[in-house]
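Worksheet: the structure to be examined is printed underneath.
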Amino acid sequence: MDQSVETLELLGALLYAVGWLCSLCTTMMPFWLTLSTDLLPTESLEVGLWKSCVVQDLGLQECRPYSSLLGLPPDIKLARILMCAALGFGLVGLVLAIMGLNLINSCCRQMDELSLKKVLKAAGGMLSLAAGILVLVPVSYIAHLTVVRFFDKSVPDVVSRWEFGDSLFCGWTAGVLHLLAGMLLLISSLYLQEQNQNLPVHIPLVPVSQRQRSIRIRTEYI
């Protein structure tokens, strides 16, 4: 097994795990949008997918979960669905990618096992790409709405505007890591397929018994 293939798949699995953890933090943290007012400069309002919080400069934080699902804005509902789907796809793909690593049960190097590992690793890479897209879509969509509302001319200048929270940057990081991990896993799967095609095929040699040899000699004389 080429050392570069193992390096690619290990790097892909590591980025995959870090990206999934970033996706989990993005989903759970209540810092998608932040709002600061001139009336209360020591406090800021933070909004997430599951709750909203009031954060003070001294470090105190008071959070309250949303009381009703139907009363949520459409962008928050969409972000919830897509982020939960990204976590599910990412977790399944991470398990498949780990099972497809060549270091797992590396004592067996049979063709059937290498082909199975290639399929598992490719499936994990595809799910990683899907998870990355599912993370980037809601994060970028909410960021786009925030920019549009921030530069809205119909809103007076004295009205405070929402700004980007830390969860958006964490979400962008998670999406990029998922895409990089998926590409690395797919590239290592393609390299593994090329190496399997170049492997020599072992043909077992069956010894001919003395009786079969005598029968063959008789048939030749006849």
Side-chain angles (χ1 to χ4, degrees), residues 4-34 46-52 65-66 69 72-105 113-147 164-193:
S4 60
V5 177
E6 295 183 357
T7 304
L8 284 177
E9 64 182 14
L10 285 178
L11 182 59
L14 179 61
L15 293 179
Y16 204 153
V18 176
W20 189 84
L21 291 177
C22 290
S23 300
L24 181 62
C25 294
T26 303
T27 306
M28 301 305 298
M29 287 193 309
F31 305 123
W32 282 63
L33 298 176
T34 180
E46 307 287 344
V47 173
L49 300 181
W50 311 99
K51 57 186 176 180
S52 59
Y66 298 128
L69 177 62
L72 292 176
D75 52 349
I76 299 295
K77 294 179 183 178
L78 178 63
R80 274 188 178 187
I81 296 173
L82 294 180
M83 290 303 297
C84 291
L87 289 176
F89 284 5
L91 183 59
V92 175
L94 181 59
V95 173
L96 294 178
I98 293 176
M99 293 174 59
L101 294 178
N102 291 299
L103 294 180
I104 306 299
N105 295 330
E113 184 179 356
L114 291 177
S115 300
L116 179 60
K117 286 182 176 295
K118 181 194 68 175
V119 173
L120 292 176
K121 195 161 48 176
M126 294 298 294
L127 288 176
S128 179
L129 294 177
I133 295 174
L134 289 175
V135 170
L136 290 176
V137 168
V139 172
S140 301
Y141 179 66
I142 290 182
H144 169 71
L145 292 179
T146 305
V147 172
F164 293 168
D166 296 336
S167 296
L168 295 182
F169 299 99
C170 186
W172 279 319
T173 303
V176 172
L177 289 177
H178 272 300
L179 294 179
L180 290 176
M183 288 187 293
L184 289 176
L185 291 174
L186 291 177
I187 291 173
S188 63
S189 299
L190 293 177
Y191 281 169
L192 185 61
Q193 181 178 3

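Side chains are part of it too, since the values below use all heavy atoms of this structure and drop only hydrogens, waters and symmetry mates. Residue numbers start at 1 and run along the sequence shown.
For Trp50 (side chain) and Pro65 (main-chain N/O), no donor-acceptor pair under 3.5 Å exists by modelled atom type. Using a distance-only test at 3.5 Å, with no hydrogens or angles considered, a donor-acceptor pair links the side chain of Ser128 to the main chain of His178. Here the side chain of Lys117 pairs a donor or acceptor atom with the backbone of Leu101 at under 3.5 angstrom.
Taking CD1 of Ile98 as the reference point, atom OH of Tyr16 lies at 9.5 Å (rounded to 0.5 Å). Rounding to the nearest 0.5 Å places OG1 of Thr173 at 9.5 Å from CZ of Phe169. Note that CG of Leu15 is 10.0 Å distant from CE of Met183, once rounded to the nearest 0.5 Å. Atom CZ of Phe164 sits about 12.0 Å away from atom OG1 of Thr34, to the nearest 0.5 Å. If you take OG on Ser140 and CD1 on Ile133, they are separated by 11.5 Å, rounding to the nearest 0.5 Å. One distance of note links CG of Leu91 with CG of Leu127; it measures 10.5 Å at 0.5 Å rounding.
Proximity of Leu136 to Trp172: side-chain heavy atoms (C-beta onward) are separated by under 4.5 Å at one or more points. Side-chain contact between Thr27 and Arg80 is absent, with no heavy-atom pair separated by less than 4.5 Å. Looking at Ser52 and Tyr66, their side chains come closer than 4.5 Å, going by heavy atoms from C-beta outward. Within the 4.5 Å cutoff, no side-chain heavy atoms of Asp166 are placed close to those of Glu46.
In the model, Thr26 has no side-chain atom that pairs as donor or acceptor with a side-chain atom of Trp32 under 3.5 Å.
For Met29, the CE atom sits in a packed shell: over 12 heavy atoms of surrounding residues, nucleotides or ligands are nearer than 6.0 Å. Applying the 6.0 Å contact sphere to NZ of Lys51 captures no more than 12 heavy atoms from other residues, nucleotides or ligands.
Contact detail for Ile142 and Ala79: the closest heavy-atom pair is CD1-CB, 3.9 Å. Scanning all heavy atoms of the two residues, the minimum distance from Cys22 to Leu177 falls at SG-CD1, 4.4 Å. Minimum heavy-atom separation, Leu49 to Ile76: O-CG2, 3.9 Å. Here the closest non-hydrogen pair linking Glu9 and Lys121 is OE1-NZ, 2.6 Å. Among all heavy-atom pairs drawn from Ala174 and Val135, the shortest one is CB-CG1, 4.3 Å. Looking at every heavy atom in both residues, Ala13 comes nearest to Leu185 through N-CD2, 4.3 Å.
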Exercise for review: Quick one: do Phe89 and Leu129 satisfy side-chain contact (heavy atoms from CB on, under 4.5 Å)? Show the steps, please.
Suggested key: CA-CA 9 Å; Phe89 284 5; Leu129 294 177; over 6 Å; no

